[in-house]
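Dumping the structure here so I can ask a few things about it.
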There are 2 protein chains.
Amino acid sequence: MAGSVLLPKPCLMRLPHYYRRLLQAMHEGQSIISSEELGEEAGVPAAQARKDLSYLGEFGRPGVGYDVYELAAHLEKVLGLNEPKKAILIGVGNLGRALASYPGFARYRLQIAAAFDVDPSKIGQRIGSIPVLPLEELETFIRQKDVRMAILAVPAPQAQSIADRLSAAGIRLIWNFAPVSLRVPEGVKVFNEDLAARLATLSFYLVQHSS
Amino acid sequence: MAGSVLLPKPCLMRLPHYYRRLLQAMHEGQSIISSEELGEEAGVPAAQARKDLSYLGEFGRPGVGYDVYELAAHLEKVLGLNEPKKAILIGVGNLGRALASYPGFARYRLQIAAAFDVDPSKIGQRIGSIPVLPLEELETFIRQKDVRMAILAVPAPQAQSIADRLSAAGIRLIWNFAPVSLRVPEGVKVFNEDLAARLATLSFYLVQHSS
DNA sequence: TAGATTGTTAATCGATTAACAATC
DNA sequence: TAGATTGTTAATCGATTAACAATC
């Protein structure tokens, strides 16, 4: 294992926000930052920010604050933001296309090596520099390029069968945008970005607060 | 207030998954379902599913299970899935376009009344049936159509100033896809769909489990 | 030194889970 | 009746927050 830092999940979710605040501080030429300022960005009290950062080691100086560059560098290391991360994209619909060209991804060194689709009219196209390959080549590609991560943006009915193929071919992490719960074997991690489910919870708040 | 059901947030997040399982049950002609089956879909134990549902009232029959149709109907009501939900979309880039044509939204009765952009070449276009209007007309449109919800899919640097305008014009709920923390006045709720931040946490797991 | 801010402990809060009487 | 499954209580677990000695 690389760096066996074990973090509470809510803490991990906040680290990118602290990091973003650090980038802003750098941009503004600020070299020291307080837990108060970091917490504000993540929407938590200063004590929470300090506790979160304390999981990573001791970086702050009492009475002073945190060194912006030092902390940013450490967060980059812990989150692996500087490591190139190879991934493939499955499903070149509207959402798949949008993800393939999402500018935020390259900044964190996500490299989408190829996209896959069943539609013959899409095969051979390029989205930016990403080639669209036929779904039949999925397994070969994964094995040859040793890809560990897949972004799944196919329609719900196809998602499970593709997830099966991905798992069997050696994918360890599936970022799933299809509105379904996937079953995957031990050792494969699924992260769901379920926009339909999210909409349903938004709906609750909308209806709740209306008249 | 409409239906003042107060729910723990994690519970609310699971309700759409229970609902989805109920739809599947209907599709398969199953008329009774157990907390075990519902929990499985959401990835939680049966006891959790029962506890979640108990916040909504008593729907199950001991020794039998839950009536699929009755429970589905109640979840629809609580989540407001049958209420039409008017929204506007701001930002007609790749992601905005994908959201405008996302098929899962219409199913939960989200109606995107209009999209807005600054780019003159986009104005006057239609995405499906959704017209693209100039950003100048934002406030007028919101007030005239009494829109409460906005989907924000503009580049990060523009997000805060648009959020200010949305809040001032009467928007109560912002579904924010820009990778920034928005500051909004009391009474406006923001839900973040921060793909860049999410990628950073995925990155953590990838690096963690590699070699 | 006086003022500021950290790292950490202990108290609080809230969600999850196990267990079981009540019910079909 | 015997077997199944609910609704709910109580125990457990984990995260958040307050408070403060230690440090600059």
Side-chain angles (χ1 to χ4, degrees), chain A residues 4-19 21-22 25 30-75 78 181 197 201 204-205, chain B residues 5-19 21-22 25 30-75 78 181 197 201 204:
Chain A
S4 271
V5 190
L6 207 30
L7 300 172
K9 202 174 163 183
C11 163
L12 174 59
M13 306 273 287
R14 286 187 291 265
L15 296 186
H17 294 100
Y18 301 145
Y19 179 68
R21 184 64 186 77
L22 290 167
Q30 181 185 358
S31 63
I32 294 288
I33 199 167
S34 69
S35 57
E36 182 72 38
E37 292 168 284
L38 290 168
E40 201 179 343
E41 181 79 12
V44 295
Q48 181 73 76
R50 291 201 299 279
K51 168 129 273 209
D52 286 347
L53 295 177
S54 77
Y55 289 113
L56 311 176
E58 298 194 9
F59 291 98
R61 279 195 295 159
V64 180
Y66 298 87
D67 182 280
V68 169
Y69 284 86
E70 186 190 337
L71 186 54
H74 195 74
L75 282 179
V78 167
S181 298
T201 70
F204 172 83
Y205 286 104
Chain B
V5 189
L6 206 30
L7 301 172
K9 202 173 162 187
C11 163
L12 173 60
M13 304 275 286
R14 287 188 290 265
L15 296 184
H17 295 101
Y18 301 145
Y19 180 68
R21 183 65 185 78
L22 289 166
Q30 181 186 357
S31 62
I32 294 287
I33 197 166
S34 68
S35 57
E36 181 72 38
E37 292 169 284
L38 291 168
E40 201 178 343
E41 182 78 12
V44 294
Q48 181 74 76
R50 292 201 298 279
K51 169 130 272 206
D52 287 346
L53 296 176
S54 76
Y55 290 111
L56 311 176
E58 297 195 9
F59 292 96
R61 279 194 296 157
V64 180
Y66 298 86
D67 183 281
V68 169
Y69 285 86
E70 187 191 338
L71 186 54
H74 195 73
L75 282 179
V78 168
S181 299
T201 70
F204 173 82

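Predicted model, so just to flag it, every value in this text is computed and none were measured. So you know, we letter chains A, B, ... as the sequences are listed, proteins then strands, and number each from 1.
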* **Reference residue B/S35; test side chain to side chain contact (heavy atoms under 4.5 Å, CB included); the match among B/Q48, B/E40, B/R50** => B/R50
* Among C/dT8, D/dT17, C/dA15, the nucleotide that comes nearest once only the side chain of B/P8 is considered ->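 Nearest listed nucleotide: C/dA15.
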* Asked: Side chain of B/R50: nearest nucleotide among C/dT16, D/dT16, C/dA19?
  -> C/dA19
* OP1 or OP2 of C/dG7 under 4.0 Å from side-chain N/O of A/Y66 -> yes
* **Phosphate contact (D/dT16 OP1 or OP2) by A/R14 side-chain N/O below 4.0 Å** => yes
* To do: Can you tell me the distance, in whole Å, between the CG atom of A/L56 and the C1' atom of C/dT6?
  =>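 That distance rounds to 15 Å.
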* Asked: A/L7 and A/D52: side-chain contact (heavy atoms from CB on, under 4.5 Å), yes or no, with the steps?
  -> CA-CA 8 Å; A/L7 300 172; A/D52 286 347; over 6 Å; no
* Whole Å only: how far is the CZ atom of B/F59 from the C1' atom of D/dT8? -> 16 Å
* Nearest-Å distance, NZ (B/K9) to P (C/dA15)? ->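 Distance, rounded to whole Å: 11 Å.
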* To do: Write down the atom of A/Y55, the atom of A/C11, and the distance for their closest heavy-atom approach.
  =>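 Looks like CD1-SG, 3.9 Å.
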* In whole angstrom, give the distance that lies between atom CG of B/L6 and atom C1' of C/dG14. =>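 After rounding, the gap between these two atoms is 13 Å.
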* Asked: More 5' along DNA chain C: A/L53 or B/Q48, using each one's nearest nucleotide?
  -> A/L53
* Asked: Any idea which of C/dC24, C/dT16, C/dT6 is nearest the B/K51 side chain?
  ->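 Of all the options, the side chain of B/K51 is nearest to C/dT16.
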* **Pairwise 5' ranking along DNA chain D for A/G63 and B/A47, keeping only the more 5' one** =>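 Going by which nucleotide is closer to the 5' end, it is B/A47.
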* **Heavy-atom closest pair, residues B/P62 and B/G60** => CD-O, 3.8 Å
* **Stretch residues 32-45 of chain B: residues that reach within less than 4.0 Å of DNA chain C through a heavy atom** => B/P45
* Does B/Y66 have any side chain to side chain donor-acceptor pair (under 3.5 Å) partners at least two apart in sequence or in another chain, and if so, which? -> none
* Please, what dot-bracket string fits DNA chain C when only Watson-Crick and G-U pairs with both distances under 3.5 Å count, crossing ones use [ ] and pairs to another strand use |? -> ..||||||||||||||||||||||
* Is there a donor-acceptor pair under 3.5 Å between the side chain of A/E41 and the backbone N or O of A/L38? -> no
* Between A/T201 (side chain) and B/L12 (backbone), is there a donor-acceptor pair under 3.5 Å? -> no
* Asked: When the distance from CG of A/L12 to P of D/dA15 is rounded to whole Å, what number comes out?
  ->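 Distance, rounded to whole Å: 12 Å.
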* Decide yes or no for A/F59 and A/L53: does some side-chain heavy atom of the first lie under 4.5 Å from some side-chain heavy atom of the second? =>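 Heavy-atom side-chain distance check fails, nothing below 4.5 Å.
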* Contact summary for B/G65 and B/I32, nearest pair of heavy atoms -> CA-CG2, 4.1 Å
* Mind calculating the distance between CG (B/L7) and P (C/dT16) to the nearest angstrom? =>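 After rounding, the gap between these two atoms is 12 Å.
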* To do: For the side chain of B/E58, starting at C-beta, report the closest nucleotide among D/dC24, D/dG7, C/dT8.
  =>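 Minimum distance to the B/E58 side chain belongs to D/dG7.
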* Below 4.5 Å, heavy atoms only, C-beta onward: do A/V44 and A/Y18 meet side chain to side chain? ->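 A/V44 vs A/Y18: side chains touch.
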* To do: Let me know the distance between CE of B/M13 and P of C/dT16, rounded to the nearest Å.
  => 11 Å
